[in-house]
K.L.:
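There's a structure below that I have some questions on.
Quick caveat: nothing in here was measured; it's all calculated off a predicted structure.
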2 protein chains.
Amino acid sequence: MAQTKNNNREITASEWEVMRIVWTLSGATSHQLIESLSEKMAWQESTIKTLIRRLEEKGFLNREGASRPFRYQATLSEQEGINLQVDRLFDNLCAMHIGPTLIRLVQQHELSQADLATLASTITEKAPTAPETVPCNCLTNCQMTENNGGCQHDEAK
Amino acid sequence: MAQTKNNNREITASEWEVMRIVWTLSGATSHQLIESLSEKMAWQESTIKTLIRRLEEKGFLNREGASRPFRYQATLSEQEGINLQVDRLFDNLCAMHIGPTLIRLVQQHELSQADLATLASTITEKAPTAPETVPCNCLTNCQMTENNGGCQHDEAK
DNA sequence: AAAGATAATTTACAATTGTAAACTTTAGTC
DNA sequence: GACTAAAGTTTACAATTGTAAATTATCTTT
């Protein structure tokens, strides 16, 4: 019996490929997944079946349909899935480095007029209450002492 | 003998914690790492030593000093490490979802005046050449056919 | 130089992940 | 209804990761 909840487990890199197809097609049969991924990823069909099963067990895919060619549906939206991965990453970055990281991402990726506009207004909204600087939050309370050299982080650039 | 190059291997979640401390302190001894992480992560000292060794093997840490309390130095800067992780993630996101994802990140995180200003000008620079929309690039050539339901992605929101 | 304290290396072991073969069941077809 | 093809389930197995104990080597201090 497939899980209904995604037990706080993670979507791995390989599994992510499966999810992408499911999201793109708004649900897919194993046949479709095998077709797409055996080519794109050079995986054997067995591999793809395993990934589907694991995603079901983890609660990220639900099987639907009564008779055999079942369909697999994502239990979260693509944006939710992305948020999951992105937050897991950003929650482990030094606060001081998030700004430069976002700047780089904005520079590096192609964004639509609309997205740029939204970004611009978001920035305008945040500006009035933005702090002068965002300090490093790596070591809780920056409990560094003299004998360990202190928090060098503030000198980072 | 420790690797000099990071053989295109990854920094895992646990290893990342070690790197953060090394970066924050601009290099650290195993003693410092154990002090910091045994508390923060509730790890045994042995665990931390293993992580240090693996990071050395992967080429992300270099040991320096001639006599015993060695120091471990990162072979890449924190920003480079972050870029590595961030790119690994963003390279596997549907292009169409990157805009909304960045908007959300900018909203969600505290950014300094300076970072907001840089972001703003970056946006201004990009605007003139920004496309009306950024299409989904999930399925290479979107080689979806009628019998698989076609690329539903363009309808995503 | 012997002991004791530190630091580093080896060994360990279960869980997860990547990858897949083998086997079983079921939907269609003759 | 028997056969076959497609779909789904079980089993497998090595590599990586998380976590750590045991062992060995090296400073430091009597």
Side-chain angles (χ1 to χ4, degrees), chain A residues 1-3 6-19 22 27-73 85 88 92 147-148, chain B residues 1-3 6-19 22 27-73 85 88 92 147-148:
Chain A
M1 179 203 316
Q3 311 280 100
N6 35 22
N7 298 327
N8 74 293
R9 296 236 264 148
E10 296 177 6
I11 300 176
T12 72
S14 297
E15 290 164 358
W16 185 255
E17 293 300 325
V18 175
M19 293 303 288
V22 173
T29 60
S30 64
H31 179 73
Q32 288 175 302
L33 291 169
I34 288 166
E35 185 172 357
S36 236
L37 293 168
S38 62
E39 189 184 346
K40 181 178 178 203
M41 296 286 118
W43 284 337
Q44 292 313 114
E45 95 175 50
S46 228
T47 301
I48 298 157
K49 287 174 178 180
T50 298
L51 294 173
I52 294 172
R53 177 177 55 73
R54 287 182 185 164
L55 283 166
E56 262 190 281
E57 285 169 1
K58 290 184 181 180
F60 293 111
L61 283 185
N62 260 169
R63 160 203 283 183
E64 43 185 50
S67 72
R68 217 105 199 252
F70 299 121
R71 264 185 96 63
Y72 297 92
Q73 272 297 340
Q85 308 289 309
R88 187 145 59 79
N92 288 301
N147 69 317
N148 63 24
Chain B
M1 180 207 317
Q3 310 281 102
N6 35 22
N7 298 327
N8 74 290
R9 295 235 264 148
E10 296 177 8
I11 301 175
T12 71
S14 297
E15 289 164 357
W16 186 254
E17 294 300 326
V18 176
M19 293 303 289
V22 173
T29 60
S30 64
H31 178 73
Q32 289 175 301
L33 291 168
I34 289 166
E35 185 172 357
S36 237
L37 293 168
S38 63
E39 188 184 346
K40 181 178 178 202
M41 296 286 118
W43 283 337
Q44 292 313 113
E45 95 175 51
S46 228
T47 301
I48 298 158
K49 287 174 177 177
T50 298
L51 294 173
I52 294 171
R53 177 178 53 74
R54 287 183 186 162
L55 283 166
E56 261 190 282
E57 284 169 2
K58 291 183 181 180
F60 292 111
L61 283 186
N62 260 170
R63 158 204 285 183
E64 44 186 48
S67 72
R68 216 101 201 252
F70 299 123
R71 265 186 95 64
Y72 297 92
Q73 272 298 341
Q85 308 289 309
R88 187 145 58 78
N92 287 302
N147 67 318
N148 63 25

K.L.:
Of the listed nucleotides (dG8(D), dT17(D), dA8(C)), which one gets closest to any side-chain atom of Ser30(A)?
P.N.:
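That would be dG8(D).
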K.L.:
Test salt bridge (charged side-chain N to carboxylate O under 4.0 Å, His left out) on Glu10(B) and Arg88(B); report intermediate values, then the result.
P.N.:
CA-CA 10 Å; Glu10(B) 296 177 8; Arg88(B) 187 145 58 78; 3.1 Å; yes
K.L.:
Step by step, work out the side chain to side chain contact (heavy atoms under 4.5 Å, CB included) result for Leu61(B) and Glu15(B).
P.N.:
CA-CA 11 Å; Leu61(B) 283 186; Glu15(B) 289 164 357; over 6 Å; no
K.L.:
So which nucleotide from dA20(C), dT19(D), dG18(C) ends up closest to the side chain of Trp43(B)?
P.N.:
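Closest nucleotide to the Trp43(B) side chain: dT19(D).
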K.L.:
Distances under 3.5 Å between protein N/O atoms and the N/O atoms of nucleotides 1-3 of chain C, please, pair by pair.
P.N.:
none

K.L.:
State which residues pass side-chain hydrogen bond (donor to acceptor under 3.5 Å, both in side chains) with Glu45(A); sequence neighbours excluded, sorted by chain then number.
P.N.:
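Checked Glu45(A) against side-chain hydrogen bond (donor to acceptor under 3.5 Å, both in side chains); matches are Lys49(A).
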K.L.:
Identify, with sequence neighbours excluded, every residue that meets side-chain contact (heavy atoms from CB on, under 4.5 Å) alongside Ser46(B).
P.N.:
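Expected list: none.
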K.L.:
Between dT19(C), dA7(D), dT16(D), which nucleotide has the shortest distance from any of its atoms to the side chain of Ser14(A)?
P.N.:
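Closest nucleotide to the Ser14(A) side chain: dT19(C).
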K.L.:
To the nearest 0.5 angstrom, please state how far the CG atom of Leu51(B) sits from the CE atom of Met19(B).
P.N.:
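Output value for this atom pair is 11.5 Å.
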K.L.:
Assign each of Ala66(A) and Leu51(A) to its nearest nucleotide of DNA chain C by heavy atoms, then name whichever residue's nucleotide is nearer the 5' end.
P.N.:
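On the 5' side of the pair lies Leu51(A).
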K.L.:
Residues in side-chain contact (heavy atoms from CB on, under 4.5 Å) with Arg68(A), at least two apart?
P.N.:
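Arg68(A) satisfies side-chain contact (heavy atoms from CB on, under 4.5 Å) with no residue once adjacent residues are dropped.
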K.L.:
Could you tell me whether Lys40(A) and Glu17(A) have a side-chain N and a carboxylate O separated by less than 4.0 Å?
P.N.:
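Judged by the 4.0 Å cut-off on N to carboxylate O distance, Lys40(A) and Glu17(A) do form a salt bridge.
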K.L.:
Might you list the N or O atoms of the protein lying below 3.5 Å from N or O atoms in nucleotides 9-15 of chain C, with each pair's distance?
P.N.:
residue	atom	partner	partner atom	Å
dT9(C)	OP1	Arg63(B)	NH2	2.9
dT9(C)	OP2	Arg63(B)	NH2	3.0

K.L.:
Under 4.0 Å between a side-chain N/O of Thr47(A) and OP1 or OP2 of dA20(C), yes or no?
P.N.:
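Result: yes.
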K.L.:
May I ask you to evaluate whether His31(A) reaches the phosphate of dA6(D), defined as a side-chain N or O under 4.0 Å from OP1 or OP2?
P.N.:
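Checking dA6(D) against His31(A), no side-chain N or O comes under 4.0 Å of OP1 or OP2.
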K.L.:
Return the value, rounded to whole Å, for the distance between atom CG of Leu55(B) and atom P of dT16(D).
P.N.:
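Computing the Leu55(B):CG to dT16(D):P distance gives 15 Å.
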K.L.:
Under 3.5 Å, which N/O atoms of the protein pair with N/O atoms of nucleotides 28-30 of chain C?
P.N.:
none

